[in-house]
2 protein chains.
Amino acid sequence: MPSKLNTQALPGFMELQPNDQIAFNKMLTTICSVYELFGFRPIETPMIERAEVLLAKGGGETEKQIYQFEKGDTRLALRFDLTVPLARYVAEHQNELVFPFKRYAFGKVFRGEKPQAGRFREFYQCDIDIIGRGNLDVSYDAEIPAIIATLFRQLGLEDFTIRINNRKILNGIFQELELSNVANDILRALDRVDKDGAKALNEEMDRLGLGKTQQEGVKTLLALKNASAQQIFAQLKLLQKNSTVLQEGITELEKVVNDMQLLGVDKEDYEIDLTIARGLDYYTGTIYETRLNKYPEIGSVCSGGRYDNLTSYYTKEQYPGVGISIGLTRLFDQLSKRGLIPSEQQTPTKVIVIPMTEDLTPSLNLAQSLRAEGISTEVQSSGNFKKRLKYAIDLNIPFVVFIGEEEIKKNIYTVKDMAKKEQKAMKLKALIKNIKSQ
Amino acid sequence: MPSKLNTQALPGFMELQPNDQIAFNKMLTTICSVYELFGFRPIETPMIERAEVLLAKGGGETEKQIYQFEKGDTRLALRFDLTVPLARYVAEHQNELVFPFKRYAFGKVFRGEKPQAGRFREFYQCDIDIIGRGNLDVSYDAEIPAIIATLFRQLGLEDFTIRINNRKILNGIFQELELSNVANDILRALDRVDKDGAKALNEEMDRLGLGKTQQEGVKTLLALKNASAQQIFAQLKLLQKNSTVLQEGITELEKVVNDMQLLGVDKEDYEIDLTIARGLDYYTGTIYETRLNKYPEIGSVCSGGRYDNLTSYYTKEQYPGVGISIGLTRLFDQLSKRGLIPSEQQTPTKVIVIPMTEDLTPSLNLAQSLRAEGISTEVQSSGNFKKRLKYAIDLNIPFVVFIGEEEIKKNIYTVKDMAKKEQKAMKLKALIKNIKSQ
């Protein structure tokens with residue numbers, strides 16, 4: 001053996017104990033089942049792509065974080081999100097797909113960031129996107145909050161708020177205020193108000209040389225943070241004078257808010273927040289963020305929005321879409337740190353069969369019968385009796401069946417319900433019924 | 001836009017259409033559910049590991065195929081199987097795990113082979129292993145064929161044969177025949193008899209200078225290929241004279257064959273094949289291969305065996321185990337090529353709601369009600385009527401609900417069962433009942 005190798009997972013790479021893995025997988029399954037409830041179809045793209053494809057958009061922080069390598073004479077890279085591969089997929093398969101193409105995808109993506117607490121280099125994203133060919137009606141934008149609301153309820157995270165906005169409203173307001181040239185700076189400052197306070201925004205507006213009316217206009221966006229939808233739309237309509245973009249944004253957001261309520265999003269589930277922008281150059285219409293109300297410091301746990309053209313780097317056809325992404329690894333990690341993931345041992349096993357005789361025949365037969373009924377079963381025949389029982393206790397297995405000479409003679413099974421600490425003898429049929437009823 | 005980028009997935013990387021992806025995911029889910037039925041717990045390790053960890057064993061073809069790269073000052077590599085990461089995981093977490101540790105894992109692994117038909121550079125493996133601390137009773141070896149049999153039945157691939165052998169029998173026979181020094185050459189030649197015929201084996205034995213008794217001894221292994229278990233064990237006991245290893249192998253294989261039948265493996269499900277060896281230096285006891293009888297040219301679709309020590313490169317503790325692996329990507333590809341994967345469009349969606357009025361309210365409300373009942377539903381409100389209906393037809397969606405003014409007035413829904421080509425009007429309750437009953 002060489003000098004001892006470091007057997008820890010690399011920093012920034014999540015590795016779970018089996019009970020946590022079971023909890024993680026349960027969340028993943030829940031997410032996928034909600035996506036399917038809304039009619040999304042799964043696709044999976046490779047983890048490795050041509051570097052030129054992933055980097056088509058180019059530039060920025062992302063490029064530095066990408067894992068790249070050569071194989072033969074091809075420059076390869078690990079995917080850093082699921083959206084760029086989707087764009088390539090849609091461009092490649094555009095003639096075979098049915099549009100609107102509603103797809104879900106989940107899988108690991110890779111970003112070689114500096115490792116720091118709560119940040120991962122390899123993490124799960126769980127995405128949905130609805131892609132139109134040529135165009136995509138805004139009614140699809142209303143489905144997204146309905147999906148988010150269903151999702152977080154089914155995950156048992158009922159206390160959430162979906163923040164919703166529309167980039168056209170922001171762009172329109174900046175047009176009305178004649179601020180389009182500094183829009184990005186103001187958006188960034190607005191975005192930081194939650195962290196840095198309103199004073200930093202004021203300083204930034206002074207620095208940019210905004211006049212009084214302009215500053216008041218920008219502050220309206222902030223002032224409306226806790227207003228009702230009605231108040232917000234009334235105020236926006238007052239602001240709207242010349243900008244047709246603003247008009248469009250208002251119409252879209254009104255429709256989305258109206259329709260999503262019909263689709264089951266309650267008034268407490270969402271708020272219109274005119275200050276969210278979700279990056280500067282990607283989204284073009286509706287924008288979503290989702291926060292857990294008790295844990296605002298986690299930030300958004302499910303975000304996305306509407307974009308005009310998914311595939312601009314890969315095909316001349318226009319494919320507008322709307323979608324969201326959940327960073328499941330980070331969400332799981334944050335919930336876990338707050339004790340919100342059950343920490344007791346978990347296993348799929350419902351029954352441990354412990355043979356008390358040399359001959360394993362009755363035990364193996366019973367295991368076979370229970371499995372045929374879909375009951376997850378293990379036989380523990382190694383080690384002494386104490387060790388066999390300890391295995392069941394250590395793994396929190398709900399039922400233990402003992403089979404000794406007495407049981408074999410009478411053709412019965414002694415069953416211990418480990419939670420109730422009750423022990424009873426019963427025939428096979430009763431045993432199956434008993435287990436299935438729990 | 002730069003010169004058009006190549007949007008195909010890289011050669012050797014599987015990328016599926018949604019209906020195939022659904023079929024693929026169904027297979028994966030079936031495999032995992034069978035693993036859980038036998039009490040295996042999931043774990044997932046990172047895709048990226050320290051290169052020194054993956055290469056600890058070193059040498060051979062594998063090393064050339066590994067995707068390696070630097071990030072910072074760490075040499076990284078993509079995993080090429082799920083077994084080496086399991087070894088690292090067990091070494092790292094040995095004090096927290098419950099033993100025997102029954103784990104399942106599935107996920108992509110990477111091998112930069114020369115691309116050729118039917119070979120993949122990125123592919124799914126679905127593994128189970130049972131790991132003991134210090135020792136692991138041979139009774140666990142009998143569980144594996146029971147799992148394989150259940151698995152292939154549930155996958156709808158009922159016509160399979162599990163080939164089973166024990167390396168100790170091979171080693172013991174070579175001891176008895178005084179052939180231990182050329183054992184590997186003979187094993188290789190035996191392994192090729194299926195392809196190259198018995199003549200090549202004879203030539204190889206001549207080349208190695210085997211005497212008549214030795215050659216006959218080796219041919220016994222071949223001659224017993226279609227013999228019954230009883231005949232095989234009788235013959236082996238005749239061969240067994242001095243070798244305790246052979247004695248051990250016979251005892252183990254007899255026990256495994258006996259127990260696996262008690263666990264539900266039928267006589268037609270398996271055969272003892274004394275010629276299989278599964279590589280030369282890894283397995284130390286029981287060995288498994290699985291073939292689809294109608295498609296022997298596919299080769300083994302589920303293989304594995306018993307090994308003495310999983311973790312020898314990572315810890316001084318001894319962790320023997322037994323396990324199998326399914327290369328799902330290749331299996332799916334082979335089944336697909338033979339037309340064994342349903343090719344019609346598939347989608348999770350059960351119901352398409354088509355609004356026939358401007359106002360979407362009743363349609364959105366219905367979608368919400370159906371989803372609350374767990375019925376996967378989509379609303380198609382974009383495009384003209386023909387286009388909305390075409391979407392349902394293209395995706396093979398079983399039910400279409402039309403909501404026009406008449407329906408709204410009477411508070412009913414017109415439902416078309418697309419398979420039966422029947423159209424009926426009904427109330428919400430009847431609609432839900434109708435869909436759920438199908």
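Everything numeric here is computed off the predicted structure, so don't read it as measured data. To find a chain, count down the sequence lines: A is the first, B the second, and so on, and within it residues start at 1.
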Peer 1: Hey, is the main chain of A:T45 close enough, under 3.5 Å, to the side chain of B:E15 for a donor-acceptor pair?
Peer 2: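 Here the side-chain-to-backbone pair does not exist.
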
Peer 1: To the nearest 0.5 Å, tell me how far B:T347 OG1 sits from A:K102 NZ.
Peer 2: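 With rounding to 0.5 Å, OG1 (B:T347) is 8.5 Å from NZ (A:K102).
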
Peer 1: Name the region of A:Y140, side chain, backbone, both or neither, that has any atom closer than 4.5 Å to a heavy atom of chain B.
Peer 2: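 A:Y140 touches chain B through side-chain heavy atoms alone.
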
Peer 1: Does any heavy atom of chain A fall under 4.5 Å from the side chain of B:I393, the backbone, both, or neither of them?
Peer 2: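 Contact with chain A: none, neither part.
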
Peer 1: Give, for atom CG of B:L364 and atom CG of A:L263, the distance between the pair rounded to the nearest 0.5 Å.
Peer 2: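 Reported to 0.5 Å precision, the distance equals 4.5 Å.
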
Peer 1: Using a cut-off of under 4.5 Å for heavy-atom pairs, which of A:Q17, A:M14, A:E378, A:R41 has the most such pairs with chain B?
Peer 2: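 Option with the top pair count is A:R41.
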
Peer 1: Between CG of B:L262 and CG of A:N365, what distance do you get to the nearest 0.5 Å?
Peer 2: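 B:L262 atom CG to A:N365 atom CG measures 5.5 Å (nearest 0.5 Å).
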
Peer 1: When heavy-atom pairs shorter than 4.5 Å are enumerated against chain B, which of A:A146, A:A9, A:G112 gives the highest number?
Peer 2: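 Between A:A146, A:A9, A:G112, the count favours A:A9.
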
Peer 1: Which region of B:N6, side chain (C-beta onward) or backbone (N, CA, C, O), has a non-hydrogen atom less than 4.5 Å from a non-hydrogen atom of chain A, or is it both or neither?
Peer 2: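 For B:N6, backbone and side chain are both near chain A.
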
Peer 1: Rounded to the nearest 0.5 Å, what separates atom OH in A:Y314 from atom OG1 in B:T7?
Peer 2: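 Answer rounded to 0.5 Å: 9.5 Å.
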
Peer 1: Quick check on A:L136 against chain B: is it the side chain, the backbone, both or neither that has a heavy atom closer than 4.5 Å?
Peer 2: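 When you check distances to chain B, no heavy atom of A:L136 falls under 4.5 Å.
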
Peer 1: Do you know which of A:V351, A:V379, A:I43 has the most heavy-atom pairs with chain B at a distance under 4.5 angstrom?
Peer 2: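 Winner by heavy-atom pair count: A:I43.
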
Peer 1: Output the distance between atom OG (A:S376) and atom OH (B:Y35), rounded to the nearest 0.5 Å.
Peer 2: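 If I round to the nearest 0.5 Å, the distance is 14.5 Å.
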
Peer 1: Tell me, for B:D259 versus chain A, whether the close heavy atoms (under 4.5 Å) come from the side chain, the backbone, both or neither.
Peer 2: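 It is both, since atoms from each part get that close.
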
Peer 1: Backbone N or O of A:Q21 within a donor-acceptor pair of the B:E44 side chain at under 3.5 Å?
Peer 2: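 No.
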
Peer 1: With a 4.5 Å heavy-atom cut-off, do A:R371 and B:T150 have their side chains touching?
Peer 2: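 In short, these two side chains do not touch, never coming nearer than 4.5 Å.
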
Peer 1: Does a salt bridge link A:E36 with B:K350, judged by any charged N lying under 4.0 Å from a carboxylate O?
Peer 2: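 Not counted as a salt bridge, because no side-chain N and carboxylate O are separated by less than 4.0 Å.
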
Peer 1: Does any part of the side chain of A:Y67, heavy atoms only, come nearer than 4.5 Å to the side chain of B:K71, both counted from C-beta?
Peer 2: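 The answer is yes, as the side chains (C-beta and beyond) meet within the 4.5 Å cut-off.
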
Peer 1: For A:F69 and B:L78, run side-chain contact (heavy atoms from CB on, under 4.5 Å): C-alpha distance rounded to whole Å, both residues' side-chain angles, the deciding distance at 0.1 Å, then the answer.
Peer 2: CA-CA 11 Å; A:F69 45 95; B:L78 297 180; 4.2 Å; yes

Peer 1: Count the heavy-atom pairs under 4.5 Å between each of B:I397, B:V98, B:T349, B:I22 and chain A, then report the option with the highest count.
Peer 2: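 The residue among B:I397, B:V98, B:T349, B:I22 with the greatest pair count is B:V98.
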
Peer 1: Is chain A contacted by the side chain of B:Q65, its backbone, both, or neither, given a heavy-atom distance below 4.5 Å?
Peer 2: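 Just the backbone, heavy atoms under 4.5 Å.
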
Peer 1: Is the closest side-chain heavy-atom distance between A:F101 and B:P18 below 4.5 Å?
Peer 2: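 Yes, their side chains come closer than 4.5 Å.
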
Peer 1: Quick one: CD on A:E122 to CE on B:M47, what's the gap to the nearest 0.5 Å?
Peer 2: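 Answer for the CD-CE pair, A:E122 versus B:M47, is 6.0 Å.
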
Peer 1: Using heavy-atom distances under 4.5 Å, tell me whether B:K255 contacts chain A through its side chain, its backbone, both, or neither.
Peer 2: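 Contact with chain A involves the side chain of B:K255 alone.
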
Peer 1: Give, as side chain, backbone, both or neither, the part of B:Q68 having an atom under 4.5 angstrom from any heavy atom of chain A.
Peer 2: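 Contact with chain A involves the backbone of B:Q68 alone.
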
Peer 1: Side chain, backbone, both or neither: which part of B:I48 has an atom under 4.5 Å from a heavy atom of chain A?
Peer 2: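 Contact with chain A is through both the backbone and side chain of B:I48.
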
Peer 1: Counting heavy-atom pairs under 4.5 Å with chain B, which one of A:S381, A:A367, A:P100, A:A91 comes out on top?
Peer 2: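 Of the options given, most contacts go to A:P100.
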
Peer 1: Output the option from A:N258, A:L360, A:T361, A:D137 having the highest count of non-hydrogen pairs under 4.5 Å with chain B.
Peer 2: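 Result: the option with the highest number of such pairs is A:T361.
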
Peer 1: Considering only heavy atoms, which portion of A:I66 lies under 4.5 Å from any heavy atom of chain B: side chain, backbone, both, or neither?
Peer 2: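 A:I66 touches chain B through backbone heavy atoms alone.
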
Peer 1: Measure B:F110 against the heavy atoms of chain A and call it side chain, backbone, both or neither at under 4.5 Å.
Peer 2: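 Contact with chain A is through the side chain of B:F110 alone.
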
Peer 1: Could you tell me which portion of A:D20 (side chain, backbone, both or neither) has an atom closer than 4.5 angstrom to a non-hydrogen atom of chain B?
Peer 2: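 Nothing of A:D20, per the 4.5 Å heavy-atom cut-off to chain B.
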
Peer 1: Side chains of B:P348 and A:F38: closer than 4.5 Å at any heavy-atom pair?
Peer 2: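 They are not in contact (no side-chain heavy atoms under 4.5 Å apart), so the answer is no.
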
Peer 1: Checking B:L16 against chain A: side chain, backbone, both or neither under 4.5 Å from a heavy atom?
Peer 2: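 When you check distances to chain A, only backbone atoms of B:L16 fall under 4.5 Å.
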
Peer 1: Do you know which two heavy atoms are closest between A:Y391 and B:F99, and how far apart they sit?
Peer 2: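 Looks like CD1-O, 3.7 Å.
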
Peer 1: For B:F106, look at atom CZ and say whether over 12 heavy atoms of other residues, nucleotides or ligands are found less than 6.0 Å away.
Peer 2: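 12 or below, so no.
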
Peer 1: If you tally heavy-atom pairs under 4.5 Å against chain B, which of A:E143, A:K108, A:E49, A:R121 wins?
Peer 2: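 The answer is A:K108.
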
